[in-house]
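Order of the sequence lines fixes the chain letters, A, B, ..., with proteins taken first and strands second; residue numbering starts at 1 for each chain.
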2 protein chains.
Amino acid sequence: MNEAKRRKLEAKGWRVGDAQDFLGLSDQEAAFIEVKLKLAQSLRAKRQKRGIGQIPFAKIIHSSQSRVAKMEAADSSVSVDLLVRSHLALGTSGAELGRIIARPFVKAR
Amino acid sequence: MNEAKRRKLEAKGWRVGDAQDFLGLSDQEAAFIEVKLKLAQSLRAKRQKRGIGQIPFAKIIHSSQSRVAKMEAADSSVSVDLLVRSHLALGTSGAELGRIIARPFVKAR
DNA sequence: GAAGTATATGTCCGTTTCGACATATTGTCA
DNA sequence: TGACAATATGTCGAAACGGACATATACTTC
C-alpha cells in the first residue's frame with residue numbers, strides 16, 4: 001500500500017498496520033476496507049436515488065443522522081454488519097448485495 | 001417466518017422479533033441471517049477443503065477454536081465483520097465473497 | 001468401552017460498535 | 001452575505017462482539 005493511500009485512510013480514522021507488522025495483513029485490511037467502501041457508496045447512492053435526506057433515511061433503519069453520515073463515509077466506527085443491515089432494510093436482496101460486493105471498487109467522484 | 005424455523009433459529013441464540021413488531025423486520029432479519037449462514041457454510045467448506053481442523057484454522061485467522069466453531073455455526077455472537085475478515089484472511093477475493101453472498105442459500109446437509 | 005482427537009457450548013471480561021446528542025462545516029438560494 | 005437545510009465530526013454511556021479458557025459432546029480406532 002502506498003503512502004498516499006495509507007494517509008488518506010488514516011485520516012478517516014483507520015489505523016493501518018505498519019510495514020513491520022505481519023506481512024500480508026495490509027492487503028487483507030485493504031480488501032476489508034474496500035468491502036466497506038463499496039457498501040457505503042452504494043448505500044449513499046440508494047438514498048439519493050430515493051431523494052431523501054440522511055434524517056428520513058436514519059428513521060428507516062432505526063438509527064441517527066450522524067451514524068448515517070458515518071456509514072456513507074465508511075468511518076472506522078461503522079461495521080459491515082450495520083452496512084449490510086441497512087441495505088437489507090432498504091430492500092436490497094441477497095443477490096444484489098453480493099453483486100455490490102463483487103463489483104470492482106471505483107473511487108468516488 | 002414459520003414457527004418451526006423461528007424455533008430453530010432461537011435455539012442457536014437468535015432472538016427473532018414477534019409478529020407484533022414492526023412489520024417487515026422479520027424478513028430483513030431472515031435475510032441477514034441468511035447472509036451469515038452463507039458465509040459460515042462457505043468458511044467451513046474452505047477449511048475442510050484445506051483438510052485442517054478448527055485449531056490450525058483459528059491460528060490462521062488469529063482467533064480461537066471455540067470462535068471458529070461459533071463462526072461455522074453462525075452463532076448469534078458472530079458478526080458479519082468477523083466472517084468477512086476470516087474469508088479475506090484465507091485469500092478469498094472480493095469478487096468471490098460477493099458470489100458467496102449472492103448465491104442462493106441452501107440448507108446444510 | 002476406553003483413549004484420543006475434533007467439534008460444540010458456556011462464560012468471562014476487555015474492546016468495539018451502537019444510537020444519540022451537540023456542534024461544526026458545507027451547500028444553496030434570496 | 002445571511003439564513004436555512006443538509007451533511008460531517010466529536011463524544012458519551014450502553015450494548016454487542018471479541019479472544020480465551022473450561023468443559024461438554026461427538027466421532028474414530030483399538
Side-chain angles (χ1 to χ4, degrees), chain A residues 8-17 22 25 28-29 32-33 35-37 39-41 43-86 88-89 108-109, chain B residues 8-17 22 25 29 32-33 35-37 39-41 43-89 108-109:
Chain A
K8 192 174 169 199
L9 288 169
E10 287 192 349
K12 289 271 183 186
W14 294 103
R15 197 52 45 195
V16 179
F22 170 58
L25 187 60
Q28 294 166 210
E29 282 188 349
F32 184 67
I33 292 170
V35 169
K36 281 196 181 184
L37 288 171
L39 291 170
Q41 276 185 204
L43 209 57
R44 167 163 285 172
K46 286 218 167 194
R47 175 179 65 80
Q48 290 178 337
K49 198 165 182 183
R50 291 201 179 189
I52 63 175
Q54 292 181 343
I55 292 174
F57 187 80
K59 292 241 167 71
I60 294 172
I61 62 175
H62 303 106
S63 185
S64 62
Q65 179 271 325
S66 58
R67 195 134 292 276
V68 170
K70 282 163 190 168
M71 281 189 229
E72 293 183 352
D75 185 273
S76 62
S77 79
V78 174
S79 70
V80 172
D81 273 84
L82 186 60
L83 292 167
V84 167
R85 254 195 267 264
S86 300
L88 295 177
R109 62 194 63 264
Chain B
K8 191 173 168 199
L9 288 169
E10 287 192 349
K12 289 271 183 186
W14 294 102
R15 198 52 44 193
V16 179
F22 170 57
L25 186 60
E29 281 189 348
F32 184 67
I33 291 169
V35 169
K36 280 196 179 183
L37 288 170
L39 291 170
Q41 278 186 202
L43 209 58
R44 166 164 287 171
K46 286 218 168 194
R47 176 179 64 80
Q48 290 176 337
K49 197 166 183 182
R50 293 200 180 191
I52 62 175
Q54 293 182 341
I55 292 174
F57 188 81
K59 293 240 168 73
I60 295 172
I61 62 176
H62 302 105
S63 186
S64 61
Q65 179 271 326
S66 58
R67 196 134 292 277
V68 170
K70 281 162 191 168
M71 282 189 228
E72 294 184 352
D75 186 273
S76 62
S77 79
V78 173
S79 70
V80 172
D81 276 85
L82 184 59
L83 292 168
V84 167
R85 256 194 260 264
S86 301
H87 264 288
L88 295 176
R109 62 194 63 263

Quick one: closest heavy-atom pair of [X] and [Y], and the distance?
{"X": "A:K36", "Y": "A:L83", "answer": "O-CD1, 3.8 Å"}
{"X": "B:S64", "Y": "B:A58", "answer": "C-CB, 3.4 Å"}
{"X": "A:I52", "Y": "A:P56", "answer": "CB-CB, 4.2 Å"}
{"X": "B:A40", "Y": "B:M71", "answer": "CB-O, 3.1 Å"}
{"X": "B:V80", "Y": "A:D81", "answer": "N-OD1, 2.8 Å"}

Close N or O pairs between protein and nucleotides 28-30 of chain C (under 3.5 Å):
none

In whole Å, I'd like the distance from the [atom1] atom of [X] to the [atom2] atom of [N].
{"X": "A:I52", "N": "D:dA5", "atom1": "CD1", "atom2": "C1'", "answer": "15 Å"}
{"X": "A:D75", "N": "D:dT9", "atom1": "CG", "atom2": "P", "answer": "8 Å"}
{"X": "B:I55", "N": "C:dT5", "atom1": "CD1", "atom2": "C1'", "answer": "9 Å"}

* Any side-chain heavy atom of A:E29 sitting closer than 4.5 Å to one from B:L88? ->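 Not touching, per the 4.5 Å side-chain cut-off.
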* Asked: Which ones in residues 44-51 of chain A lie close to DNA chain D, meaning a heavy atom under 4.0 Å from one of its atoms?
  -> A:R44, A:R47
* Between the first and last five pairs of the helix from C:dG1-D:dC30 to C:dA30-D:dT1, the angle of the axes, rounded to 10 degrees ->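 Comparing the axis at each end, I get an angle of 50°.
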* **A:R50/A:I60 under side chain to side chain contact (heavy atoms under 4.5 Å, CB included): CA gap, chis, key distance, verdict** => CA-CA 12 Å; A:R50 291 201 179 189; A:I60 294 172; 4.2 Å; yes
* Asked: Checking side chain to side chain contact (heavy atoms under 4.5 Å, CB included) for the pair B:R85/B:I61: CA distance, chi angles, key distance, verdict?
  -> CA-CA 8 Å; B:R85 256 194 260 264; B:I61 62 176; over 6 Å; no
* Walk me through it: do A:R67 and A:V78 pass the test side chain to side chain contact (heavy atoms under 4.5 Å, CB included)? => CA-CA 8 Å; A:R67 195 134 292 276; A:V78 174; 3.9 Å; yes
* Asked: Residues two or more places apart in sequence or in another chain: which of them pass side-chain hydrogen bond (donor to acceptor under 3.5 Å, both in side chains) with A:K46?
  -> A:T92, A:E96
* Residues in side-chain contact (heavy atoms from CB on, under 4.5 Å) with B:Q54, at least two apart? ->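 Scan of B:Q54 (side-chain contact (heavy atoms from CB on, under 4.5 Å), adjacent residues dropped) gives B:R44, B:R47, B:Q65, B:V68, B:A69, B:E72.
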* To do: Could you tell me the separation between the CG atom of B:L82 and the CG atom of B:L43, rounded to the nearest 0.5 Å?
  => 8.5 Å
* Asked: Got a second to check how far B:S66's OG is from B:I55's CD1, nearest 0.5 Å?
  -> 10.0 Å
* To do: Let me have a per-nucleotide readout for nucleotides 17-24 of chain D, 5' to 3', with B, S or -, counting only protein heavy atoms under 4.0 Å.
  => SBBBB---
